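Below, each value reflects all heavy atoms present in this structure, side chains not excepted, and no hydrogens, waters or symmetry copies. Just so we're clear, the structure is a prediction, and the values are computed from it rather than from any experiment. Residue numbers run from 1 in the order of the sequence given.
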Amino acid sequence: MFVPLVIVISGLLFAGVDRVCVAGDAKGLPNIVVIYGDDIGYGDFGCYGGTGADTANIDALADGGMRFTSAYCTAATCTPSRYSLLTGQYAFRNQAAKILPGNAPLIIDTDRPNLASFLRSVGYRTGLVGKWHLGLGHADRPLDWNGKIAPGPAEVGFDESFNMAATADRVPSVYIRDGRVVNLDPNDPIGVNYQSKIGDEPTGRSHPELLKVQADDQHSCTIVNGVSRIGYMTGGKAARFKDEDMADTYLNEAIDFVRRNKDQPFFLYYAPNENHVPRVIHPRFAGSSGLGPRGDALMVFDWCVGRFVETLRSEGLERNTLIILSSDNGPVLFDGYWDGAINRTGDHRAAGPWRGGKYSRWEGGTRMPLITYWPGTISPGVSDALISQVDLFRSIAALIKMPFPDDAAMDGQDASAALLGHTDQGRDFVIQEALTQLAVRQGDWKYLPPGSITERGGIDQWKSITVDEPGWLFNLADDPGELKNVAADHPDEVAQLRRIIADVAPEKVIGAEGLNKKQLGF
């Protein structure tokens, strides 16, 4: 039915209806749902050439909607890309917007508009279901997991929230509803520490025989549900989640949110865990793909998407809803747990034709599947428009024709016409980030400025590659694998792309050997 990022805009005003809604008047506003997959690559769905995992529901969305071939998240890791989607701001502008531990403070500014707070201000009921990973609490004091957890989703615009703090492989391994841990026994308080071990619970290091799946050292701290995690946790035993049931739990919460709020405009940010590690699959899906747990997780995700869309149909909301489906960053096979993903991937190319994946500036790290679906409004097709997820906040505001706050989404552009399939013209360039390193694509050209590239190598290995002056230049039309550096043959293109990075983030341009100041625009 659809792909990992979904924006649902119901009752929209764009195609054929020239009605302008005013702030505070919710009548006529569309519903908006964002379904945001995790670690799902460009080539993971059948509609993008994926093999081995049946993604019929998502493929059906692509067949009935607009499938984008040049859509990007802003960063090759989860916290930065999620930050950009909600704020309309590049994550590198916020030094705290890096991969966060489970006890990190909230990194979204509560005093500035973001997608959720904006939509709530114009009449939407807003909800979060699934992965959060944008921090909770204040930076100046430890978070108390046993009382009201704030600031968090509520303080940045979500009326309702059902989420985990960070990721499934990081403690605390509990669900949080509206700022309180679900099923918490007050006589068994939660403690969390990422610096040193607390309590006397077994860990993956001390008791590997208790594990369902073996893990690397980073993921070998406290064991929850037979899986060792990053970080240490004590208490909260009655509240701890079961990985096998997580997809069902989040799906049911998303469906319940729709049914509760179907008579008013709603915005739902639905962020399933699939297919982030640990990939502990429900028995009814285990072995379903032939690709191992990672492929099985893709089929779980597809099934959840199908069930969610069926709910929209049964509630009479489908034709009143715009769906945009995407992912937070590129794919990764091994990411801390020996679940067989590398050995069992077969001919499946998770990143499609692109090089790299999660953690890297190569195309596979940030070029994402993106599908928009809106029966009766979006005509089926394929679009080459250049789109960045940093544009979604501003684009949604344009779609619903609401005045946009002056101090919001400083890096976003209005891509609403492209999202609806009215034009193949998107933005002029996209900035790509990986572990604070940047790259830029404009047209067929891709440029990596000088510096080092840190990326995942083999199992439990990292490698560093040095990019020499004047940087690396690739022509993606001729060289989708980014294998042939043609910077020496195209100095003007290098200067142009380097100037773009200098304009957007001058602190990210290091050195100028090989290029004169006139070429760089300084």
Side-chain angles (χ1 to χ4, degrees), residues 1-6 35-73 76 81 247 272-277 279 281 285-309 323-335 339-360 362-373 380-384 387 389 456 476 480-482:
M1 296 204 157
F2 39 116
V3 192
L5 161 71
V6 177
I35 301 178
Y36 206 39
D38 201 324
D39 294 356
I40 293 176
Y42 184 94
D44 272 329
F45 302 131
C47 54
Y48 280 88
T51 59
D54 185 354
T55 57
N57 293 306
I58 291 168
D59 298 345
L61 280 190
D63 289 343
M66 188 63 57
R67 179 171 63 85
F68 291 83
T69 63
S70 291
Y72 291 79
C73 59
S81 54
N273 182 65
E274 287 73 35
N275 59 31
H276 197 283
V277 296
R279 303 167 187 131
I281 307 299
F285 286 101
S288 58
S289 70
L291 299 177
R294 187 179 185 278
D296 297 346
L298 288 173
M299 295 186 64
V300 171
F301 180 82
D302 181 77
W303 179 81
C304 290
V305 168
R307 284 287 313 279
F308 184 82
V309 174
I323 297 171
I324 304 174
L325 197 152
S326 193
S327 178
D328 65 345
N329 52 248
V332 59
L333 299 183
F334 177 85
D335 206 16
D339 62 5
I342 291 179
N343 295 333
R344 301 178 68 179
T345 192
D347 296 329
H348 182 81
R349 300 180 65 188
W354 314 114
R355 180 177 179 179
K358 185 176 182 178
Y359 307 113
S360 80
W362 306 118
E363 285 295 286
T366 56
R367 192 183 288 219
M368 294 291 96
L370 175 66
I371 296 170
T372 58
Y373 176 80
V382 178
S383 175
D384 296 328
I387 302 289
Q389 291 173 10
R456 175 69 84 177
L476 297 176
E482 297 175 89

> Hey, are Thr69 and Asp384 close enough side-chain-wise for a donor-acceptor pair under 3.5 Å?
Replying inline: yes

>> One pair to check against side-chain contact (heavy atoms from CB on, under 4.5 Å): Asp296 and Glu274. What are the steps and the verdict?
In response: CA-CA 10 Å; Asp296 297 346; Glu274 287 73 35; over 6 Å; no

> Where is the tightest heavy-atom contact between Pro272 and Phe301, given as atom of each residue plus distance?
Replying inline: CG-CE1, 3.8 Å

> Yes or no on side-chain contact (heavy atoms from CB on, under 4.5 Å) for Phe285 and Trp303, after CA distance, side-chain angles and deciding distance?
Replying inline: CA-CA 10 Å; Phe285 286 101; Trp303 179 81; 3.6 Å; yes

> Can any side-chain N or O of Asp339 pair as donor or acceptor with the backbone N or O of Gly292 at less than 3.5 Å?
Replying inline: no

> Would a distance-only check, ignoring hydrogens and angles, find a side-chain to backbone donor-acceptor pair under 3.5 Å from Thr55 to Phe45?
Replying inline: no

> Is there a donor-acceptor pair under 3.5 Å between the side chain of Arg67 and the backbone N or O of Asp63?
Replying inline: no

> Does the side-chain contact (heavy atoms from CB on, under 4.5 Å) test come out yes or no for Asn329 and Asp39, once each step is laid out?
Replying inline: CA-CA 5 Å; Asn329 52 248; Asp39 294 356; 2.8 Å; yes

>> If the threshold is 4.0 Å, N to carboxylate O, is there a salt bridge linking Arg294 and Asp44?
In response: yes

> Knowing that exactly one of Val300, Ile281, Leu298 qualifies, which makes a side-chain contact (heavy atoms from CB on, under 4.5 Å) with Pro293?
Replying inline: Ile281

> Does any donor atom in the side chain of Tyr72 or Glu363 lie under 3.5 Å from an acceptor atom in the other side chain?
Replying inline: yes

> Can a salt bridge be assigned to the pair Asp335 and Lys358 using a cut-off of 4.0 Å between side-chain N and carboxylate O?
Replying inline: yes

> Met66 and side-chain contact (heavy atoms from CB on, under 4.5 Å): which partner among Ile371, Thr372, Leu370?
Replying inline: Thr372

> Quick one: does Thr345's side chain have a donor or acceptor within less than 3.5 Å of a partner on Ile342's backbone?
Replying inline: no

> Could you walk me through whether Ser70 and Arg367 pass the side-chain contact (heavy atoms from CB on, under 4.5 Å) check?
Replying inline: CA-CA 7 Å; Ser70 291; Arg367 192 183 288 219; 3.8 Å; yes

>> Using a 3.5 Å distance criterion without hydrogens, assess whether the side chain of Gln389 forms a donor-acceptor pair with backbone atoms of Ser327.
In response: yes

> Can a donor-acceptor pair be found between the side chains of Asp347 and Thr51 at a distance below 3.5 Å?
Replying inline: no

>> Would you compute the distance between atom CE of Met299 and atom OG of Ser289 and round it to the nearest 0.5 angstrom?
In response: 6.5 Å

